[in-house]
Amino acid sequence: MHELTKAPPSRRPDMHLATEGEFKGWRTWIRDSFESHIGPFWHKIEQDGSVRSAFRVEKKHLNGSGNVHGGCFMAFADYCLFAIATQELDGPAVTTNFACDFLDAAREGELIECIGEVSRAGGSLIFLRGKLISGGRPLFTFSGTIKRVKRKSLPQPNA
């Protein structure tokens with residue numbers, strides 16, 4: 001667990017709350033090794049019920065040209081899909097569709113924020129869209145679909 005986080009009192013033991021620093025009061029998930037490695041990515045629920053996600057660009061997020069790597073934007077946007085859908089989800093889910101448009105570059109030190117919305121939530125599918133911004137400047141737009149899934153056991157290796 002990151003030293004700036006603690007588990008909030010909730011039904012989500014994989015959810016952690018920052019207790020200090022720039023993202024004090026924001027939440028992150030630690031169950032996803034890939035996101036933990038490339039993040040940290042954060043989210044919070046605003047007073048109006050909307051969800052805001054963010055991360056501060058570090059050197060590790062950059063491509064060879066010194067801009068945020070496109071794969072980093074896409075991974076963050078995928079994280080944002082689940083943050084935006086947080087009020088709709090009560091169990092495991094997977095991304096089944098993802099589309100995006102790159103609009104502008106971002107550099108080290110910038111705060112990248114995401115705003116978005118659930119377009120429609122049905123029985124098993126949740127449709128979402130969002131936008132990444134920095135200082136009000138649009139960087140990236142995306143849409144995606146999340147499918148609620150039932151937990152099933154993983155196949156044993158070499159079985």
Side-chain angles (χ1 to χ4, degrees), residues 1-5 12-18 21-46 50-89 91-121 124-149 151-152 154-155 157:
M1 177 173 17
H2 192 277
E3 65 272 2
L4 299 179
T5 64
R12 299 285 310 263
D14 61 334
M15 179 84 67
H16 289 270
L17 180 70
E22 178 179 16
F23 293 102
K24 181 178 181 177
W26 293 58
R27 298 170 186 265
T28 190
W29 294 292
I30 61 162
R31 74 178 174 275
D32 189 308
S33 297
F34 181 74
E35 286 174 358
S36 294
H37 179 70
I38 64 169
F41 299 145
W42 300 95
H43 68 280
K44 69 177 180 175
I45 300 173
E46 303 283 10
S50 65
V51 175
R52 180 171 297 275
S53 301
F55 78 100
R56 178 70 63 185
V57 178
E58 300 175 29
K59 187 173 184 120
K60 68 180 179 178
H61 300 124
L62 305 179
N63 63 21
S65 297
N67 297 314
V68 174
H69 193 284
C72 181
F73 274 165
M74 292 189 298
F76 177 57
D78 186 62
Y79 172 94
C80 294
L81 287 175
F82 288 82
I84 294 164
T86 197
Q87 309 222 19
E88 303 292 336
L89 293 172
V94 296
T95 305
T96 61
N97 185 48
F98 183 87
C100 63
D101 291 299
F102 295 90
L103 306 175
D104 201 354
R107 309 282 288 185
E108 187 172 358
E110 287 190 62
L111 178 67
I112 308 299
E113 297 181 276
C114 176
I115 52 174
E117 65 182 355
V118 173
S119 303
R120 183 175 190 282
S124 66
L125 297 176
I126 304 169
F127 301 88
L128 308 106
R129 62 182 167 193
K131 177 170 44 173
L132 305 187
I133 57 175
S134 179
R137 188 176 89 251
L139 303 172
F140 182 92
T141 58
F142 64 95
S143 62
T145 307
I146 296 174
K147 180 174 178 51
R148 295 178 179 102
V149 296
R151 293 190 195 276
K152 56 183 170 181
L154 296 173

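Excluded from the calculations below are hydrogen atoms, water molecules and symmetry mates; all remaining heavy atoms, backbone and side chain alike, are included.
- When all heavy atoms of L81 and L128 are compared, the pair lying nearest together is O-CD2, 3.5 Å.
- Every residue meeting the side-chain hydrogen bond (donor to acceptor under 3.5 Å, both in side chains) condition with E110, not counting sequence neighbours, appears here in chain and number order: S134, R137.
- In this structure, the side chain of K60 engages the main chain of G39 through a donor-acceptor pair within 3.5 Å.
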side-chain contact (heavy atoms from CB on, under 4.5 Å) between N67 and R107, worked out: CA-CA 5 Å; N67 297 314; R107 309 282 288 185; 3.0 Å; yes
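- Contact between W29 and M15 at its shortest, heavy atoms only, is NE1-CE, 3.0 Å.
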Would you please test F82 and T95 for side-chain contact (heavy atoms from CB on, under 4.5 Å) and show each step? CA-CA 9 Å; F82 288 82; T95 305; 3.2 Å; yes
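- With values rounded to the nearest 0.5 angstrom, Q87 atom CD is found 11.5 Å from I126 atom CD1.
- With rounding to the nearest 0.5 angstrom, the OG atom of S53 is 9.0 Å from the CG atom of L132.
- Here the CG-CZ distance, from N97 to F127, works out to 8.5 Å after rounding to the nearest 0.5 Å.
- Atoms CZ and CG, from R148 and L125 in turn, are 8.5 Å apart once rounded to the nearest 0.5 Å.
- When every heavy atom of T141 is checked against every heavy atom of L103, the shortest pair comes out as CG2-CD1, 3.8 Å.
- Residues meeting the ring pair (Phe, Tyr, Trp, His ring centres under 6.0 Å) test with F102, sequence neighbours left out: F140.
- Here the side chains of C80 and K131 are not in contact, with every heavy-atom distance at 4.5 Å or above.
- In this structure a side-chain-to-backbone donor-acceptor pair under 3.5 Å is missing from H16 to T28.
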Run the numbers on F23 and K44 for side-chain contact (heavy atoms from CB on, under 4.5 Å), then give the verdict. CA-CA 9 Å; F23 293 102; K44 69 177 180 175; over 6 Å; no
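- Closest approach of L139 and A106 over heavy atoms only: CD1-CB, 4.0 Å.
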Can E22 and L111 be said to form a side-chain contact (heavy atoms from CB on, under 4.5 Å), step by step? CA-CA 10 Å; E22 178 179 16; L111 178 67; 3.9 Å; yes
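- In this structure, R52 CZ and H43 NE2 are separated by 13.5 Å, a value rounded to the nearest 0.5 Å.
- Scanning both residues, A75 and F34, for their nearest heavy atoms gives CB-CE2, 3.9 Å.
- In this view, F41 and F55, F76, Y79 satisfy the ring pair (Phe, Tyr, Trp, His ring centres under 6.0 Å) rule, not counting sequence neighbours.
- Around CZ of R129, the count of heavy atoms belonging to other residues, nucleotides or ligands within 6.0 Å does not exceed 12.
- Scanning all heavy atoms of the two residues, the minimum distance from A93 to I146 falls at CB-CG2, 3.3 Å.
- Side chain of H61 to main chain of I38: a donor-acceptor pair is present (N/O by atom type, distance under 3.5 Å, no hydrogens or angles).
- K24 NZ to L17 CG: the interatomic distance, rounded to the nearest 0.5 Å, is 9.5 Å.
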